[in-house]
Asks: 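Have a look at this one.
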Amino acid sequence: MSRIEHKFKELNQTGKAALIAFLTAGDPRVDLTVDLCLKLEESGADIIELGVPFSDPMADGPTIQAASERSHRGGTTMSDVLSIIAKIRVRSEIPIITFGYYNPFFAYGHGEFAADAAGAGADGLLVVDLPPEEAEEFKSHTDKAGLDFIFLLAPTSTEERIALVAQKASGFIYLVSVTGVTGARPALDFSLEALTNKIRAYSGLPVGVGFGVSTPEQAEKISRFADAVIVGSALVNIIEKHSSVERVLLCKVGEFIKGLSCGCYKSESTKN
Amino acid sequence: MKTDPKLPDEKGKFGVYGGRYVSETLMPALIELESAYIEIRDDPKFKAELEYYLRNYAGRPTPLYHARRMSEELGGAKIYLKREDLAHTGAHKINNTLGQALLASRMKKPRIIAETGAGQHGVATATVCALLDIECEIFMGVEDTARQASNVLRMKLLGARVREVNSGTRTLKDAMNEAMRDWITNVRTTFYIIGSVAGPHPYPMMVRDFQSVIGIESRAQILEIEDRLPDILMACVGGGSNAMGLFYPFIDDSGVEMVGVEAAGLGLESGKHSASIAMGKPGVLHGSKTYILQDAWGQVLGAHSIAPGLDYPGVGPEHSFLKDSGRVNYTSVTDTEALDAFRFLSETEGIIPALESSHALAAAIKSAPEMTRDSIMIICLSGRGDKDIQSVAKILEYDSHTP
Ligand SMILES: Cc1ncc(COP(=O)(O)O)c(C=O)c1O
């Protein structure tokens, strides 16, 4: 059983949705990313999405664009991302997913990435601009290496595409909560529950909902119907704001994640 | 060598290039666009409507002009200029924006967005939006709003909103990123008019088809004037739409040589250029697999060119295919060579070319003298240079008092 699958099984028994935390590797510094991830786990994050910086983050709003740019300017490479994972893996069993745009993966090489990522202790990958139609070759390598290939679905996805993604995905399905780029938002779409249920008709995989989540209340709402709550921009905002003093940064990040994590417990009425 | 007329294939691929590398949010929109385009492509009513506007509004067909003084001056091939500079708004871009905007209005999209570098595609988009009464927003890097200020004014006069892009390189690449982000957000109501043969499928195919009017006319005109096909075609390559438009209708004429001219900027060895085909490697940017300027880790590099419309680190995927297949030869000329050609054409023919088109002219200036006098060359004069006069004057330190 993969670490991701195991984690979802375990949480299901405790009646908690998984809290998936996204941060950009190398923001503010490569060495600090390891400590940040360990802090995330200690504070209640269940899975980590480690963003691979890219020069052209086309699907990201200003917050993650800026994080990607800071990391890119700092010279963070795919190799650095993999070595961060290896360092975390020595100290933790938390599932880790690399998350990024295709070109850095393509440049690294499909087979090379699959081998090195699995070797470092990564559990899966999500490539934003690689829909199932284009993913086949890469996926054959990552499948062999035992990595989960996570795909996105969006509010614009048709029934046909939901079926296609359901057929190809492993690990979990990432439902983008808004028609838009990443970024913290005050309000989330109400049709998400219906969409999640539609996905469940095609796939037995856990469904995670992300993009825009920033408060424990939002986490609570999503936890009622989804299997995972994904937080990105709101966390990256905190990292940006407090990056100058390391102790304060780790403390603030911990505090924020604790709050969200409490929001992920499924309320009594909906627990089954 | 003959290329497969059925390209792109059903996955939008030209060999290994092209495709559809976008986030899931956009996939349904691209699939919808593809089927809408395929439906109207052969619809006689749509074709008649487009032809009506191309003729009566854009001023087509544009002349195929025998550049007599230029030919004599160079002492080689007989040179013809395909005068896209005379099309309405001053460049070939209108051929594509008319087609896409008519499609947008068929698809009942109330809003159009576009990216622009030189501002020519932005102006051509703003123009058709005024014509068809569609809301219009144009994304343009701040470097380009500065060096193409007159086009910014034109777009505003035409009723478009110009959104300055401050991120990344602040040129065409990041204008396109920002337009993509807008599209992801407003995809249900918005039609994105991409300005070149770049982007995800079906754009490279659709833009090529709309621009093919350049080559279809040129082919008929040269047969009419000379009673034979040309020996060589030359066009500048930014994303590659004017080049694809000229080349495509000749692609099966194996005796016709084709040359695409990239921007070598300050020189290929300087690292400051936009020669994606000469110096790039295959990769994925803006939704398609193609030659890209990138570092060893797959990070896209900033491009440079004196011509804002060529200042882009990628190229249309069909050009990557044509490069590998050998059907088209690609070369490059520097900023300085383009500037010399800009002045040369102004002085010998009384035509001020766009800096982009000046790249094709510069390559022609090098190769025409080596050809025999009975050989025929067609150069795509993709646009006029009015937009560039201020920046050229600055570089050459001209002002109105210069004798
Ligand atoms: C006059 C002119 N020529 C050429 C280009 C380059 O585009 P393409 O390579 O798609 O023809 C531009 C782009 O802005 C342009 O304005």
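In what follows, every chain begins at residue 1, and chains take the letters A, B, ... in the order their sequences are listed.
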Asks: Check P131(A) against Y21(B) and note the closest heavy-atom contact, atom names and distance.
Replies: CD-CA, 4.2 Å
Asks: Please tell me if the side chains of P132(A) and M27(B) come closer than 4.5 Å, counting only heavy atoms from C-beta onward.
Replies: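 Side chain of P132(A) against side chain of M27(B), heavy atoms only: no contact under 4.5 Å found.
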Asks: Taking side chain as everything from C-beta outward and backbone as N, CA, C, O, which of these in E133(A) sits under 4.5 Å from a heavy atom of chain B? Side chain, backbone, both or neither.
Replies: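 For E133(A), heavy atoms of backbone and side chain both lie under 4.5 Å from chain B.
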Asks: Is K323(B) atom NZ crowded by more than 12 heavy atoms from other residues, nucleotides or ligands, each under 6.0 Å away?
Replies: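 For K323(B), atom NZ is not crowded (no more than 12 foreign heavy atoms under 6.0 Å).
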Asks: Checking heavy atoms, do the side chain of V22(B), its backbone, both or neither come under 4.5 Å from chain A?
Replies: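 Interface part for V22(B): backbone (N, CA, C, O).
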Asks: Heavy-atom pairs under 4.5 Å with chain A are the metric here; pick the option from K11(B), K281(B), K173(B), M176(B) that has the most.
Replies: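 When all of K11(B), K281(B), K173(B), M176(B) are compared, K173(B) has the most.
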Asks: Quick check on the interface: out of Q299(B), H286(B), M180(B), who has the most heavy-atom pairs with chain A under 4.5 Å?
Replies: Q299(B)
Asks: Can you tell which of A66(A), P57(A), G61(A) has the highest number of heavy-atom pairs within less than 4.5 Å of chain B?
Replies: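 Of the options given, most contacts go to P57(A).
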Asks: Can you find a pair of side-chain heavy atoms, one from L285(B) and one from N103(A), that are under 4.5 Å apart?
Replies: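 When only atoms from C-beta onward are counted, N103(A) and L285(B) do not touch, as no gap falls below 4.5 Å.
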Asks: I'd like to know if the side chain of T156(A) reaches the main chain of T25(B), judged simply by a donor and an acceptor atom lying under 3.5 Å from each other, with no hydrogens or angles considered.
Replies: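 Confirmed, T156(A) side chain pairs with T25(B) backbone.
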Asks: Are the side chains of P104(A) and Q294(B) in contact, using a 4.5 Å heavy-atom criterion?
Replies: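 The answer is no; the side chains never approach within 4.5 Å.
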Asks: Ignoring hydrogens, what is the shortest heavy-atom contact between D60(A) and R181(B)? Give both atom names and the distance.
Replies: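 Here D60(A) and R181(B) meet closest at O-NE, 3.0 Å.
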Asks: Can you tell me which portion of S167(B) sits under 4.5 Å from chain A's heavy atoms? Options are side chain, backbone, both or neither.
Replies: side chain
Asks: Closest heavy-atom contact between P28(B) and R161(A)?
Replies: CG-CD, 3.9 Å
Asks: Could you check whether the rings of W297(B) and Y108(A) sit parallel, tilted or perpendicular, using 30° and 60° as the cut-offs?
Replies: tilted
Asks: When only pairs under 4.5 Å are counted, which of I292(B), N177(B), V187(B), D182(B) shares the most heavy-atom pairs with chain A?
Replies: N177(B)
Asks: Is F54(A) in contact with chain B via its backbone, its side chain, both, or neither, using a 4.5 Å heavy-atom distance?
Replies: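 For F54(A), heavy atoms of backbone and side chain both lie under 4.5 Å from chain B.
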Asks: Can you tell me which residue among R20(B), K13(B), K289(B) is in a side-chain hydrogen bond (donor to acceptor under 3.5 Å, both in side chains) with E134(A)?
Replies: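 So, applying the side-chain hydrogen bond (donor to acceptor under 3.5 Å, both in side chains) to E134(A) and each of R20(B), K13(B), K289(B), only K13(B) qualifies.
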Asks: Does I31(B) reach the side chain of E160(A), with side-chain heavy atoms less than 4.5 Å apart?
Replies: no
Asks: Looking at L130(A), V128(A), D56(A), which makes the most heavy-atom pairs under 4.5 Å with chain B?
Replies: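 Highest number of heavy-atom pairs under 4.5 Å: D56(A).
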Asks: Nearest 0.5 Å, what's the CD-CD distance between E178(B) and Q65(A)?
Replies: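 CD of Q65(A) is found 6.0 Å from CD of E178(B).
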Asks: Is A296(B) in contact with chain A via its backbone, its side chain, both, or neither, using a 4.5 Å heavy-atom distance?
Replies: backbone
Asks: Quick one: what part of P155(A) sits under 4.5 Å from any heavy atom of chain B, side chain, backbone, both or neither?
Replies: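 It is both, since atoms from each part get that close.
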Asks: Between E24(B) and V176(A), is any pair of side-chain heavy atoms under 4.5 Å apart?
Replies: no
Asks: Near E136(A) CD, under 6.0 Å, is it more than 12 heavy atoms from other residues, nucleotides or ligands?
Replies: no
